[in-house]
Structure formats: structure tokens, C-alpha cells
Amino acid sequence: MPVHNTEIAEIFNEYADLLEIEGTNQYRVRAYRNAARNISVFSRSIAEMANQKEDLSRIPGLGEDLTVKVFDIVNTGKLLQLEKLKERLPAGLLDIIRLPGLGPKRAGVLYSKLGVTSIEQLEAAAKQHKVRELPGFSVKMEENILEDIKRRGKAGTSEKRYKLFTVEEIGKDLLSYLKKINGVKRVAIAGSYRRRKETVGDLDILVTHEKQADVMQQFTEYEDVERIVSRGETRSTVILRSGIQIDLRSVAEDSYGAAMHYFTGSKAHNIAIRKKGVNKGLKINEYGVFQGDELITGRTEEEIYARVDLPYIEPELRENNGEIEAAQEGKLPKLISLQDINGDLHSHTSATDGRSTLEEMARAAKEKGYQYLAITDHSKHVTVAHGLDAERLAQQIDEIERLNDRLDGIVLLKGIEVDILEDGSLDLPHDILKRLDLVVCAVHYKFNLPADKQTERIIRGIDNSYFTILAHPTGRIIGEREPYQLDMERLMKAARETGCILELNAQPSRLDLTEVYARMAKEMNVMVAISTDSHSTNEFDSMRFGIYQARRGWLEPEDVLNTRSRKELQKLLKK
DNA sequence: GCCGTTTTCGGCCCGACTGTTTTCAGTCG
């Protein structure tokens with residue numbers, strides 16, 4: 001079982017946490033965190049690279065020492081130094097530093113003075129009023145700790161992340177409330193929401209104002225606020241009833257661009273930009289770009305980038321994952337946008353588990369301005385969806401052909417979402433598949449095969465000459481179902497050889513491919529189709545989530561199949 | 001522990017809020 005990049009990153013992060021509790025030099029701690037971040041966003045499998053003895057030191061943040069440690073983790077699945085550290089420092093301390101207001105320093109004090117090694121022991125100590133006596137603590141903090149432990153028990157242990165589409169509504173309501181406040185000029189959501197990450201942990205909102213004190217007062221009085229975490233003159237934090245945290249930052253109009261840049265992040269991108277500023281003798285913060293004490297600029301983000309000799313960088317790219325280097329070299333991608341999309345290549349009808357008819361779907365697609373829509377109902381193996389057998393599919397093909405004669409301005413493409421069976425064969429015979437314009441293939445059961453078996457299963461499918469598009473390639477559902485085990489690099493090589501296309505499923509709960517795999521596809525010359533997998537006419541709007549994810553994956557219009565006109569598409573499909 | 005169109009050693013992004021602080025440490029983003 002190969003070690004995933006995220007697992008290596010987790011080990012480094014855990015090690016950094018414990019080193020910090022122990023009181024290690026903060027720059028050493030930072031080096032581990034920095035390496036962890038770079039590893040988690042790296043587009044190739046580092047375990048794979050290590051096995052092939054490739055040079056790992058070209059991964060940012062990996063020097064001589066950490067390269068050796070990565071090799072150890074890849075070979076053994078763990079880091080010996082971390083295991084040894086855990087013998088000295090109990091792992092329960094890692095839970096304690098996740099409580100708000102408790103960091104490594106205070107966790108270290110709790111451990112050394114009271115021997116506290118778990119949340120339960122911390123709760124007991126706080127109830128006996130032992131915590132308030134400690135240096136760096138207070139009565140108030142002791143009360144907060146007890147309250148947070150109670151709250152934590154209610155909400156579960158892991159910090160919650162929200163899917164992008166679920167926070168959109170919360171954000172919209174709050175935005176319109178803030179806009180009505182007297183003296184407020186501009187309101188915008190920044191943070192990972194603006195970077196269009198598939199999930200966001202909190203909402204970061206920026207306002208410009210005439211009288212800031214009033215903004216903070218009214219913000220914290222918003223009817224949905226359950227708890228005020230902090231409230232200052234320029235920055236406040238609240239928790240809404242839904243549990244989501246909102247950070248509000250207010251600045252003067254002249255600082256809007258600088259504040260937007262600062263508040264959009266990512267943190268790693270900001271640090272890299274600020275470092276470039278330092279090299280040019282400039283200080284960059286949320287108020288602007290400074291030379292000495294003099295404010296040079298700050299009204300727009302473009303100006304901030306220009307001061308460090310860079311062109312504007314789109315928010316979706318700001319992860320310090322190569323975008324700054326690309327900007328320097330004038331090689332930023334011209335990111336795909338919703339307007340580039342000319343059709344949808346994955347949709348269902350009421351013949352199986354959809355809720356709209358062929359004709360309803362066709363008319364809705366036409367209204368979106370599309371030139372084509374592929375109808376791809378399930379095949380017979382998906383019995384719960386009443387999947388089509390060869391006979392019913394033949395009827396649907398006839399029906400589509402009759403409908404196309406009547407339709408104007410939109411063409412329905414004849415397709416199927418056919419199951420890839422456990423042995424890699426397809427769920428329908430070739431003599432019916434050959435009547436179709438395209439064949440979308442997917443795995444819908446036996447998710448738990450080991451990686452080599454699952455990869456071979458799909459590659460055998462790809463080898464089938466009728467195979468066009470691999471739908472939702474990893475099968476993950478955000479927050480609900482893990483991706484199945486796959487060797488994605490191997491799969492993409494096979495896809496490249498046969499000209500098979502990978503879907504980026506735009507359903508906001510799937511977004512499968514991830515941005516990392518989307519970028520990998522681009523780098524490996526595998527074409528991507530962004531598809532909504534719509535089960536009714538109102539799901540076509542999900543396309544934008546697919547576009548966001550594609551942009552995060554650096555995709556340009558030419559990388560995406562359904563930016564093609566109908567004629568170009570049909571030429572490509574004939575091959 | 002990393003890293004270098006000044007550097008292989010000496011730096012390492014920058015600021016707000018809290019608590020209790022009379023000048024700052026800890027935490028957070």
C-alpha cells in the first residue's frame with residue numbers, strides 16, 4: 001500500500017505540533033509545517049517518486065534532512081523520530097492544542113505542572129480550579145476551557161469544514177445584511193471561499209467603511225450570531241448558529257486591494273509575496289505596500305502584484321504551488337471560465353434515476369446556451385436506478401434520434417453511463433455501444449478493492465475500444481465516502497495512451513477529480529471533461545463548481561473537451 | 001531545518017485581539 005502525500009504531510013504536522021509543545025526552535029517547527037504544506041499540494045505521488053529514486057529535493061521545503069525523513073516514511077509508513085517523541089510526550093496533548101485559546105505553550109504548561117495528557121484530565125483539573133493558578137492562565141480562561149470542552153462534545157471532535165455550496169447561502173444573507181449598515185461601502189467574501197476551495201473552514205469577510213466602530217457593533221449583533229469570539233475595532237470573530245465561524249475585517253477604502261490580497265490568502269501565497277517584498281526593501285501588509293513608513297499603494301490587488309514585478313494572479317491559483325514562479329516567467333495559465341463551456345457530457349433522465357424527461361433536459365440545456373447535451377443514463381447493473389439493458393437503451397437511442405429531428409439549436413448526444421464490472425468488462429454488449437456517440441464509464445460497486453486490483457480493473461475498462469470518458473474517477477463523496485484506492489499515475493498513463501478522457505464531475509459533493517488530479521491530468525496530457533451528472537433540469541447550474549475546481553487545477557479551455565463546438569466534438573469522438 | 005540575482009551563515013511575513021499586561025506573551029489568521 002503506497003503512502004499518500006497527505007499521510008506524509010500529516011506525520012510532519014504532528015511532529016511539528018509535538019516539537020512546539022516541547023519548546024523547539026520555532027523556525028525548525030516552521031520548516032516541518034512548510035514541508036507538510038508543500039507535500040500535501042504536490043501533484044505527483046511522492047512515494048512513487050521515492051521508489052523510483054527520483055530527486056525529492058526539488059519539492060519546495062525539502063532539504064537534506066527532510067528528504068531522508070520522507071524516504072523513511074515512504075519505506076516504513078512512519079517516522080521513527082516521531083514515535084520516540086510520542087514516548088516522551090503523550091499524543092493526547094495534540095487534542096488539547098486544538099481547543100481554542102490553547103496552543104503549544106499552554107499545553108506544555110498543563111502537562112509539566114499538572115500532568116494533564118488528555119481532554120478528560122484537563123476538564124477534571126479545570127473543575128477543581130487548578131488551571132486558573134497556572135502562569136499564562138486565568139479564571140476567565142478556565143471558564144472558557146470548560147465551555148469549549150462541553151461544546152466540543154456536542155459538535156464532535158474534528159474541526160468541521162463546510163462544502164462550498166452550503167456556505168454560499170449563509171454568505172449571501174450575511175453579505176446583504178452588512179451592505180445595509182450605515183457607512184459601509186464595499187463588502188466581499190475573501191479567504192478560501194474566494195479561492196474556491198471545495199470546502200471552507202470559515203468565512204472571511206472584508207468591508208470598507210466610513211465609520212468602522214459601527215460596523216463591528218452591528219456585525220456582532222447579526223441575528224444568526226450564537227457566540228462572539230472576539231471583537232475589536234478592525235477585526236471581529238463570531239460563531240453562527242450553524243456552527244460556522246465568520247471573521248470580519250474592516251479597512252479604509254485606500255487599503256481595499258491590500259486587504260483583499262491579505263484576506264484571500266492562502267497564507268503560504270501571502271508569505272511568499274511578502275518575502276518578495278522584503279527582497280525589494282518593501283513591507284507588505286493588509287494596509288498596503290510600504291517603503292519605510294510611507295504607504296506606496298494598496299487600492300487594488302493588481303497594484304500589490306505590480307510592486308513585486310508580477311502580473312495579477314487569479315485567487316484560485318494562490319496556493320504557493322508554482323503560481324508565483326509561473327507568473328515570474330509569464331507562464332500563468334489562461335484559466336477556463338463558465339463562458340467557455342459549450343455543452344454537458346453526463347446527464348440522466350427519468351428513464352433511470354433522473355427526474356426530468358429527455359425533452360425537458362434538452363430544452364433546459366438549450367436555455368443554458370449549450371450546443372449539445374449527452375444523455376448518459378445508468379446501465380443495467382445499477383438495479384436501484386433501474387439501469388438500462390440493451391433493449392431499453394436501443395429504444396432510448398431511437399427516441400433521441402426522433403427528438404433530434406424536432407429540436408432546434410441543441411443536439412442530444414446518444415450515450416450511456418455504463419458500469420465497469422469487477423473484471424474490467426463493460427456492463428453492455430459492444431453491438432449496442434457502437435450505436436452511441438460516446439460511452440461514459442464508471443465504477444459503482446466493489447469500492448474496496450486493493451489499489452492494484454482497482455487500477456487494473458479500470459485500465460482494462462479503458463482498453464475497451466468504446467470507452468470514451470471515465471466518470472467520477474476516484475468515487476469520493478466529500479465528507480462521506482473516501483476515494484477508492486487507485487494508482488492515479490498509472491491510470492493516467494493508460495488514459496493518455498488510449499486517448500481516454502477523465503471526467504471532472506461538477507456535483508458540489510463530488511468534485512471528482514480533485515484539483516491535484518486535474519492538474520496532473522493537464523501535465524500528463526490527458527484531456528478532461530467537466531460534467532454535471534445532472535439528474536434533473538435544475539442541476540445544470542452545478543457546472544460552475546466544476547469550473548472552480550478546474551481553475552484550481554490550472555486548466556485552460558483547450559484542456560477541456562466540452563469547450564469544443566459541436567462539430568469539433570463530434571470529430572474528436574469519431575476517433 | 002531551509003535557503004540564497006547581496007548571502008553556504010544568518011536570517012526566517014506581518015498584524016489584531018485577549019488577558020491582565022504597565023510593555024507583553026500567546027494565539028490566531
Side-chain angles (χ1 to χ4, degrees), chain A residues 12 15-17 19-21 23-38 56-70 81 96-110 132 134-145 148 159 190-193 195 200-206 212 216 220 228-238 245-251 255 258-259 261-290 304 308-309 320 328:
Chain A
F12 278 171
Y15 195 51
D17 284 340
L19 284 176
E20 207 172 10
I21 293 172
T24 311
N25 164 11
Q26 55 164 320
Y27 296 111
R28 187 167 163 236
V29 174
R30 194 185 293 177
Y32 280 97
R33 295 237 164 88
N34 186 34
R37 200 167 44 219
N38 286 320
L56 297 183
S57 63
R58 69 187 179 87
I59 299 166
L62 290 190
E64 207 176 329
D65 183 273
L66 290 188
T67 301
V68 173
K69 289 195 166 79
V70 167
Q81 289 88 340
I96 289 175
I97 60 172
R98 300 225 160 78
L99 287 172
L102 290 185
K105 290 288 190 313
R106 291 185 180 126
V109 170
L110 286 168
R132 59 177 67 175
L134 298 171
F137 289 83
S138 66
V139 175
K140 182 83 190 284
M141 288 190 70
E142 190 179 80
E143 288 166 357
N144 286 345
I145 287 169
D148 285 324
E159 62 256 56
S192 51
Y193 179 91
R195 300 201 313 279
V200 303
D202 58 15
L203 275 184
D204 301 304
I205 302 181
L206 178 67
Q212 65 189 25
M216 291 303 156
T220 50
I228 300 169
V229 178
S230 70
R231 191 173 110 187
E233 285 181 17
T234 67
R235 174 179 206 134
S236 297
T237 298
V238 302
Q245 176 173 314
I246 316 281
D247 296 326
L248 186 76
R249 186 70 207 256
S250 79
V251 296
S255 295
H261 184 258
Y262 153 77
F263 226 22
T264 297
S266 67
K267 190 172 171 170
H269 176 88
N270 285 355
I271 289 173
I273 294 293
R274 286 173 175 183
K275 273 186 190 161
K276 287 186 76 73
V278 170
N279 288 338
K280 295 173 69 75
L282 302 170
K283 185 178 71 171
I284 302 175
N285 59 28
E286 58 264 55
Y287 301 109
V289 179
F290 293 82
I304 307 293
V308 289
D309 300 327
N320 194 25
Q328 246 156 230

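Nothing here was measured: the structure is a model prediction, and the numbers come from that model. These values consider heavy atoms only, across backbone and side chains, with no hydrogens, waters or symmetry-generated copies. Residue numbers start from 1 in every chain, and the chains themselves are labelled A, B, ... in the order their sequence lines are given, proteins ahead of strands.
Between the CD1 atom of A:Ile145 and the C1' atom of B:dG26 there is a distance of 13 Å, rounded to whole Å. Per the geometry, OH belonging to A:Tyr287 stands 7 Å off C1' belonging to B:dG15, to the nearest Å. With rounding to whole Å, A:Met141 atom CE is found 11 Å from B:dA25 atom C1'. Residue A:Arg28 contributes atom CZ, which lies 20 Å from atom P of B:dG10 at whole-angstrom precision. Distance A:Leu102 CG to B:dT18 P: 17 Å, rounded to the nearest Å. One can place CZ of A:Arg33 at 11 Å from P of B:dT27, the figure rounded to the nearest angstrom. A:Arg231 has its CZ atom 13 Å from the P atom of B:dG19, to the nearest Å. Atom-to-atom, CD of A:Glu233 to P of B:dG15 comes out at 17 Å; the value is rounded to the nearest Å.
The pair A:Glu286-A:Arg235 does not count as a salt bridge, with every side-chain nitrogen at least 4.0 angstrom from each carboxylate oxygen.
Picking from B:dG15, B:dC12, B:dC2 the nucleotide with the shortest atom distance to the side chain of A:Ala31 gives B:dC2. With distances taken from any side-chain atom of A:Thr234 to the nucleotides B:dG19, B:dG29, B:dC17, the minimum falls on B:dC17. The side chain of A:Asn144 lies closest to B:dG19 when the candidates are B:dG19, B:dA16, B:dT27. Listed nucleotides: B:dG1, B:dT18, B:dC14. Nearest to the side chain of A:Asn285: B:dC14. Which of B:dA16, B:dC17, B:dG29 sits closest to the side chain of A:Asp247 comes down to B:dG29. The side chain of A:Asp65 lies closest to B:dC2 when the candidates are B:dG26, B:dC2, B:dC12. Distance from the side chain of A:Tyr27 is smallest to B:dG1 among B:dC13, B:dG1, B:dC17. The A:Lys105 side chain lies nearest to B:dT27 when the options are B:dT27, B:dG19, B:dG1. Of the listed nucleotides (B:dG29, B:dT18, B:dC14), B:dC14 has the atom at the smallest distance from the side chain of A:Val278.
Between the side chain of A:Asp202 and the base of B:dG29, no donor-acceptor pair of N or O atoms lies under 3.5 Å.
Atom P of B:dT22 sits at a distance of 29 Å from the matching atom of B:dC14, rounded to the whole Å. The separation of B:dT8 from B:dC3, taken at their C1' atoms, amounts to 9 Å, rounded to a whole angstrom. Comparing B:dC17 with B:dC12, their C1' atoms are spaced 24 Å from each other, to the whole Å. Rounded to the nearest Å, the gap between the C1' atom of B:dT23 and that of B:dT18 is 15 Å. For the P atoms, the distance from B:dC2 to B:dT6 is 24 Å, rounded to whole Å. Taking the C1' atoms as reference points, B:dT21 lies 12 Å from B:dG26, given to the whole Å.
Looking at heavy-atom distances under 4.0 Å, A:Gln245 makes contact with sugar-phosphate atoms alone, never a base. Nucleic acid contact class of A:Gly136 (heavy atoms, under 4.0 Å, all strands): none. No engagement by A:Asn34 is indicated, since no non-hydrogen atom pair under 4.0 Å with the nucleic acid exists. Using a 4.0 Å heavy-atom cutoff across all strands shown, A:Ile284 reaches sugar-phosphate atoms only and no base atom. Across all strands shown, A:Gln26 has no heavy atoms under 4.0 Å from either base or sugar-phosphate atoms. As judged by a 4.0 angstrom heavy-atom cut-off over every strand, A:Ile271 is placed among the base-contacting residues. Residue A:Phe263 is classed as having no contact, given no heavy-atom separation below 4.0 Å to the nucleic acid. Residue contacts for A:Ile59: at a heavy-atom cut-off of 4.0 Å it reaches no nucleic acid atom on any strand shown. In this structure, A:Lys280 reaches neither bases nor backbone, as no heavy-atom distance under 4.0 Å exists between it and the strands shown.
Taking CG from A:Asn285 and CG from A:Asn270, the interatomic distance works out to 11.0 Å, rounded to the nearest 0.5 Å. To the nearest 0.5 Å, atom CD of residue A:Gln328 and atom NZ of residue A:Lys276 are 3.5 Å apart. The CZ atom of A:Phe137 sits 5.5 Å away from the CG atom of A:Leu102 when rounded to the nearest 0.5 Å. Once rounded to the nearest 0.5 Å, the distance linking OH of A:Tyr193 with CG of A:Asp204 reads 12.0 Å.
Nearest-nucleotide positions on DNA chain B for A:Gly103 and A:Glu286 put A:Glu286 closer to the 5' end. When each of A:Thr67 and A:Val139 is assigned the nucleotide of DNA chain B with its nearest heavy atom, A:Thr67 is the one assigned upstream, toward the 5' end.
Between A:Arg30 and B:dC13, a side-chain N or O to OP1/OP2 separation shorter than 4.0 Å is present. Between A:Lys275 and B:dC13 there is a side-chain N or O to OP1 or OP2 distance below 4.0 Å. Phosphate contact (OP1/OP2 of B:dC28, side-chain N/O of A:Lys267, threshold under 4.0 Å): absent. The side chain of A:Arg274 contributes no N or O atom lying less than 4.0 Å from OP1 or OP2 of B:dC13.
Judged purely by atom type and a 3.5 angstrom limit, A:Ser192 has no side-chain atom pairing as donor or acceptor with the backbone of A:Arg195. Using a distance-only test at 3.5 Å, with no hydrogens or angles considered, a donor-acceptor pair links the side chain of A:Thr67 to the main chain of A:Gly63.
When both pairing distances are held under 3.5 Å, B:dG10 makes a Watson-Crick or G-U pair with B:dC3.
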Could you go through the side-chain contact (heavy atoms from CB on, under 4.5 Å) check for A:Asn320 and A:Arg37 one step at a time?
-> CA-CA 10 Å; A:Asn320 194 25; A:Arg37 200 167 44 219; 5.9 Å; no
